[in-house]
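A short worksheet on the structure shown next.
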Amino acid sequence: MAFTFVAFCYILALILAAVLLFFAIYQIIAIDELKTDYKNPIDQCNSMNPLVLPEYGIHIFYNILFLFAGELFSLLLNLPLIGYNIYRYMNRPRMSQPGLFDPTTIMNADELARCQREGWLKLAFFLLSFFYYLYSMIYVLVSK
């Protein structure tokens, strides 16, 4: 059993994927609270917007580690979501603060449905990634 840089990358990706799972769950709950009029859209957007850039930063960080470790398959699995996140942030509503969620348009039924769908898809992606990183970490630790 050898502890290599690749094993370190998978261990870190496993931990960070768990953090991203919590971000996705928080987004789903927050959008559901908006759907049921439980919370004010301004307060909800102010609580969700500060999590957008850390989510993107965490995701890009461990993919840069995969690039340095030579784990191209893991990197290729994550590239579509990275591309979508960059596209989504480049085409975000004009706001004075960083983030994706605009309180004036979030209550639109189509926008709520899109945000809810995005949250569920990110949850599924990060959950599958979590188990893939767990398997890869064990494989790398046992095989060498």
Side-chain angles (χ1 to χ4, degrees), residues 3-141 143:
F3 189 77
T4 61
F5 182 66
V6 175
F8 171 74
C9 290
Y10 279 118
I11 291 170
L12 194 60
L14 184 70
I15 294 167
L16 294 176
V19 171
L20 293 176
L21 272 170
F22 288 115
F23 281 6
I25 290 169
Y26 181 77
Q27 180 182 351
I28 291 169
I29 292 171
I31 297 298
D32 189 54
E33 287 176 345
L34 281 174
K35 269 187 172 177
T36 58
D37 287 334
Y38 183 71
K39 276 209 169 176
N40 182 349
I42 295 171
D43 295 336
Q44 200 69 324
C45 289
N46 286 339
S47 69
M48 288 174 19
N49 278 332
L51 298 177
V52 171
L53 289 179
E55 174 191 340
Y56 293 176
I58 289 169
H59 193 217
I60 289 173
F61 171 70
Y62 69 76
N63 281 287
I64 289 173
L65 288 178
F66 286 149
L67 180 65
F68 290 152
E71 292 298 309
L72 297 180
F73 184 71
S74 297
L75 180 64
L76 288 175
L77 286 177
N78 285 288
L79 278 181
L81 183 58
I82 291 172
Y84 174 75
N85 286 340
I86 291 171
Y87 170 79
R88 176 103 158 90
Y89 198 78
M90 296 300 281
N91 295 319
R92 71 188 180 109
R94 300 288 172 225
M95 298 182 296
S96 61
Q97 62 184 5
L100 293 175
F101 306 102
D102 183 20
T104 59
T105 60
I106 193 88
M107 291 305 287
N108 182 358
D110 294 336
E111 183 74 15
L112 270 176
R114 189 183 57 72
C115 290
Q116 186 83 14
R117 189 177 336 108
E118 177 182 308
W120 280 108
L121 288 173
K122 282 186 178 183
L123 178 69
F125 179 82
F126 292 135
L127 188 63
L128 291 173
S129 295
F130 178 83
F131 288 109
Y132 172 72
Y133 300 148
L134 180 65
Y135 171 78
S136 297
M137 178 196 66
I138 292 170
Y139 180 78
V140 167
L141 286 172
S143 69

Please determine whether the number of non-hydrogen atoms from other residues, nucleotides or ligands lying under 6.0 Å from atom CZ of F8 exceeds 12.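 Incorrect, the count does not exceed 12.
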
Around atom CD1 of I42, are there more than 12 heavy atoms from other residues, nucleotides or ligands closer than 6.0 Å?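 No.
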
Could you please spell out the steps behind the side-chain contact (heavy atoms from CB on, under 4.5 Å) verdict for Q44 and F101? CA-CA 9 Å; Q44 200 69 324; F101 306 102; over 6 Å; no

Report the C-alpha separation of Y26 and S47 in whole Å, then their side-chain angles, then the decisive distance to 0.1 Å, and conclude whether the side-chain contact (heavy atoms from CB on, under 4.5 Å) test is met. CA-CA 10 Å; Y26 181 77; S47 69; 3.1 Å; yes

What's the shortest heavy-atom distance between [X] and [Y], and which atoms?
X: Q27; Y: C115; result: NE2-O, 3.4 Å
X: A30; Y: M48; result: CB-SD, 3.1 Å
X: L141; Y: A7; result: CD2-CB, 3.6 Å
X: C45; Y: P50; result: O-CD, 4.4 Å
X: A24; Y: G119; result: CB-O, 4.2 Å
X: L100; Y: N49; result: N-OD1, 3.0 Å

Can you tell me how far [atom2] of [Y] sits from [atom1] of [X], rounded to the nearest 0.5 angstrom?
X: Y62; Y: L65; atom1: OH; atom2: CG; result: 11.0 Å
X: N85; Y: I60; atom1: CG; atom2: CD1; result: 7.5 Å
X: L79; Y: I86; atom1: CG; atom2: CD1; result: 9.0 Å
X: F23; Y: I28; atom1: CZ; atom2: CD1; result: 14.0 Å
X: R117; Y: I31; atom1: CZ; atom2: CD1; result: 12.0 Å
X: I58; Y: L51; atom1: CD1; atom2: CG; result: 9.5 Å

What verdict does the side-chain contact (heavy atoms from CB on, under 4.5 Å) test give for N40 and L34, after you've listed the backbone C-alpha separation in whole Å, the side-chain angles of each residue and the deciding distance to 0.1 Å? CA-CA 7 Å; N40 182 349; L34 281 174; over 6 Å; no

Please work out which of the three classes, parallel, tilted or perpendicular, describes the rings of F66 and Y133, given edges at 30° and 60°.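 Judged by the thresholds at 30° and 60°, the geometry between Y133 and F66 is tilted.
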
Kindly assign one of parallel, tilted or perpendicular to the pair Y135 and Y139, based on the angle between their ring planes and the thresholds 30° and 60°.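 Because their plane-to-plane angle is under 30°, the rings of Y135 and Y139 count as parallel.
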
If you look only at distance, which donor and acceptor atoms sit under 3.5 Å apart when one is on a side chain in residues 10-22 and the other is two or more places apart or in another chain?
from : atom 1 : to  : atom 2 : distance (Å)
Y10  : OH     : E71 : OE1    : 2.8
Y10  : OH     : S74 : OG     : 2.6

May I have all residue pairs that pass salt bridge (charged side-chain N to carboxylate O under 4.0 Å, His left out) and include part of residues 13-36, sequence neighbours excluded?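 As it turns out, there is no salt bridge (charged side-chain N to carboxylate O under 4.0 Å, His left out) pair with a partner in residues 13-36 once direct neighbours are skipped.
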
Salt bridge (charged side-chain N to carboxylate O under 4.0 Å, His left out) contacts in which one or both residues fall within residues 46-59, not counting sequence neighbours: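 Only E55-K122 qualify under salt bridge (charged side-chain N to carboxylate O under 4.0 Å, His left out).
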
Going by heavy atoms in the side chains, are P80 and F125 under 4.5 Å from each other?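 No, side chains not in contact.
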
